[in-house]
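The chain is numbered in sequence order, starting from 1. Atoms within each ligand, like the ligands themselves, are counted from 1 in listed order.
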Amino acid sequence: MTEKVEIKIQDATFEAPVVVGSENERAIDIGNLRAKTGFVTIDPAFMNTASTKSAITFLDGEQGILRYRGYPIEQLAEHCEFVEVAYLLIFGELPNEKELLRWRTLLTRHSLIHEDMKHFFDGFPSTAHPMAVLSAMVCSLSTYYPEEVDLSNKEQLEITYARLISKIRTIAAFAYKKSIGQPFVYPRNDLKYCANFLNMMFSVPAEPYTVDPETEKVMNLLLILHADHEQNCSTSTVRLVGSSRANIFASMAGGILALWGPLHGGANQEVIEMLEAIQKDGGDVKKYVELAKDKKSNFRLMGFGHRVYKNFDPRAKIIKAAADKVLSKLGIEDPLLGIAKQLEEAALQDPYFVERKLYPNVDFYSGIIYRALGFPTNMFTVLFALGRLPGWVSHWKEMMEDPTTKIGRPRQIYTGAPARDFVPLAKRA
Ligand code: SDX
C-alpha cells in the first residue's frame, strides 16, 4: 500500500504518493502538483529536492556514511583497486576474475588518443589551467567517436566507457607534460591503470623510471575515494547535459567544468593555496579561523563544510590517516600538514564551526598527499576528475537506461516587469 501525504493548498487538499528508498529515505512525489493545483515548488540549489532515484551511491550525512552499490567506502578503500571500483559503480557488481581481466584489457587497449589530438595541445599556452585543457580534450574525443551511442550494443558501450576512463588519464598526463615543456610519455600496456598514469606523468625518455608501489597504492586509494558521491554538482551537470541526449563525451566535459569550481572539486587546489598563505603569514591558524567566521571577509576555510555531511566526511578520515603514512614512508616533512591539523583542531573546538556542523571534507587533506607524490597544485582537481569519471559514467548509464528519463527542464517563478509595449529609441529617456 503506497504511503501518501496530504498538502493543504488554499481550500483544496493535494494528495501525493511518498517514495521510500532502500535506506528508508522518504520523498514526496510532486509529479502532478502543477497539473492538479497550478502550484510549483521552489528550492534554489535543490537543498530539499531529489532530482532522481538512484541505486549507485548512498550517503548518510548525519552518520558520515558513504557506500558504493552498498559496499562501505572503508572496505573498498582497503581491499580494492580503482579499476575494480570503477567496474562496480558502472555495472553494479564487483567483477569476477574473468570480468576484471576483460575490463582491465579494455582499459589497456584504449589508452592512446588519436595522434592528431596531440596537436591540440600546441594551441594551449603552457600556463593553461589543466582543467580547461581536460574539458576541451574530453569533449573533442566526440569528434573521433561521432557514432551515436547505441544503448542496446553492450560491447560498444563498454568500449566507450573504457575509452573515457582510459584516455582521460593520457590527456591529463599530456596536459602536464605540455605545461612543463617535456615530451609526452605514451601509455604502456604492461602497466596497470595507476602505474601507467604515474609513468606518463613522471617518467622522461632520457632515463629509466620505476613506479614506486607505495605511490601506486595511494593513487588507487585516492581515486577510489573520489569515484562517486551521488547527486553532487558535477554529477547533476552530467545528468542534465546527458538528458538532452548530447553525446556522452559532452556530458563528461560538462561534469569536468562544474567540478572545476572552488566550491566543488576546485577546493583541493584552494586548500593548499590557503595553507601556503597561512604558512607565509607566520602560521597563525587562529587568525584564519577568526577570518573564516567574519562575514565581512570573503575568506572561507577551504576544504571545510559540506552540503550533505554534517559529521566527518568518511573520505577525509581515510585521507588524513593516509597522509601521515605516505609522508613518513616517503620521508617527507611537509609543514602544511601540521598547519592543516592545527586548523582542523582549532575549528572543531570553535562554536561557529561546531554549530554549523562544519568538518573537514574530502578536499582538506588530499592535496597534502598529491604534493608529496610530486603533482603540481593546479593538477589536483584534474586528479579529482580522474577519480570521479567512473561515477559520472555510472550516473549517465543509469539515467540513459531509465525509460522514464526526460530532458531536465526546471520551472521558475517570474519576478520581472509586467507586460508593456515597445518604446521607440527616439522616445526613450
Ligand atoms: C566537494 O556535494 C558533494 O558531494 C561534493 C563533494 C563530492 O564528492 O562531489 O563532496 C566534493 O565539493 C566538497 C566541498 C568542497 N568545497 C569546499 O571545501 C569549499 C568550502 N566549503 C564551503 O564553501 C561550503 O561548506 C560548501 C560549498 C561545501 C557547502 O555549502 P552550503 O551547503 O551551501 O552551505 P553554506 O555555504 O550555506 O554554509 C552554511 C553556513 C554559512 O554560514 P551562515 O550563513 O549560516 O552564518 O556555514 C558557513 C557559511 O558561511 N560555512 C563556512 C564554510 N562552509 C560553510 N564558513 C567558513 N568556512 C567554510 N568552509
Looking only at heavy atoms of E270, does any of them come nearer than 4.0 Å to an atom of ligand 1?
no
Residue pairs fulfilling side chain to side chain donor-acceptor pair (under 3.5 Å) with at least one residue in residues 124-142, sequence neighbours excluded
H129-Q269
Parallel, tilted or perpendicular for F299 and Y288, by the 30°/60° rule?
perpendicular
Distance filter under 4.0 Å to A292 heavy atoms, resulting ligand 1 atoms
57 (C)
Does atom 39 (C) of ligand 1 have a protein non-hydrogen atom under 4.0 Å from it?
no
Is the Y309 ring parallel, tilted or perpendicular to the H229 ring (thresholds 30°, 60°)?
tilted
Considering only non-hydrogen protein atoms, determine which one is nearest to atom 19 (C) of ligand 1 and report residue, atom name and distance to 0.1 Å.
M302 CE, 3.6 Å
Quick one: do E216 and K192 make a salt bridge, cutoff under 4.0 Å?
no
Atom 27 (C) of ligand 1: the protein heavy-atom neighbour that sits closest, reported with distance to 0.1 Å
L263 O, 3.9 Å
With only distance considered, is L301 within less than 3.5 Å of ligand 1 through an N or O on each side?
yes
Heavy atoms only: which of F304, F353, F384, Y309 is nearest to atom 25 (O) of ligand 1?
F304
Kindly assign one of parallel, tilted or perpendicular to the pair Y144 and F120, based on the angle between their ring planes and the thresholds 30° and 60°.
tilted
Would you say R356's side chain and Y352's backbone share a donor-acceptor pair under 3.5 angstrom?
yes
Heavy-atom contact check, 4.0 Å cutoff: does Y352 meet ligand 1?
yes
Provide, to 0.1 Å, the distance between atom 44 (O) of ligand 1 and the closest protein heavy atom, together with that atom's residue and name.
K295 NZ, 4.0 Å
Does K293 come within less than 4.0 Å of E290, counting only side-chain N to carboxylate O?
yes
Backbone N/O of V18 and side chain of D29: donor-acceptor pair under 3.5 Å
no
Report the residue from M274, M302, K320, R315 that forms a side chain to side chain contact (heavy atoms under 4.5 Å, CB included) with F364.
M274
Nearest protein heavy-atom contact for atom 2 (O) of ligand 1: which residue, which atom, what distance?
N232 CB, 3.4 Å
Which protein non-hydrogen atom lies closest to atom 4 (O) of ligand 1, naming both residue and atom, and how far is it?
H229 ND1, 2.6 Å
Salt-bridge test for D402 and R239: reply yes if a basic N is under 4.0 Å from a carboxylate O, no otherwise.
no
Verify whether one side chain among T215 and D212 offers a donor that lies under 3.5 Å from an acceptor in the other.
yes
Examine R356 against ligand 1 and note whether any of their N/O atoms are separated by less than 3.5 Å.
yes
Under 4.0 Å from a heavy atom of A267: which atoms of ligand 1 are those, numbered in the order shown and with their elements?
15 (C), 16 (N), 17 (C), 18 (O)
Would you say ligand 1 has an N or O under 3.5 Å from any N or O of D363?
no
Hey, is V308 one of the residues with a heavy atom under 4.0 angstrom from ligand 1?
no
Do the side chains of E158 and R102 get close enough for a salt bridge, i.e. N-O under 4.0 angstrom?
yes
Kindly indicate whether atom 42 (O) of ligand 1 is approached by any protein heavy atom to under 4.0 angstrom.
yes
Please determine whether any non-hydrogen atom of K293 lies less than 4.0 Å from an atom of ligand 1.
no
Atom 35 (P) of ligand 1: the protein heavy-atom neighbour that sits closest, reported with distance to 0.1 Å
R300 NH2, 4.1 Å
closest protein heavy atom to atom 52 (C) of ligand 1 is L358 CD1, 3.6 Å
Numbering the atoms of ligand 1 from 1, which are under 4.0 Å from a heavy atom of G305?
25 (O), 28 (C)
Would you mind checking if E276 and K280 are paired as a salt bridge, meaning a charged N to carboxylate O distance below 4.0 Å?
no
Is the shortest distance from atom 30 (O) of ligand 1 to a protein heavy atom below 4.0 Å?
no
Do the ring planes of Y370 and F380 sit parallel (below 30°), tilted (30 to 60°) or perpendicular (above 60°)?
tilted
Looking only at atom types and distance, does a side-chain atom of N232 sit under 3.5 Å from a main-chain N or O of T235, one as donor and one as acceptor?
yes
One finds that the ligand 1 atoms under 4.0 Å from a non-hydrogen atom of G303 are 17 (C), 18 (O)
Within-shell test, E230 vs ligand 1, heavy atom, strictly < 4.0 Å:
no
Report the nearest protein non-hydrogen atom to atom 6 (C) of ligand 1: residue, atom name, distance rounded to 0.1 Å.
H306 NE2, 3.7 Å
Any N/O of D313 closer than 3.5 Å to an N/O of ligand 1?
no
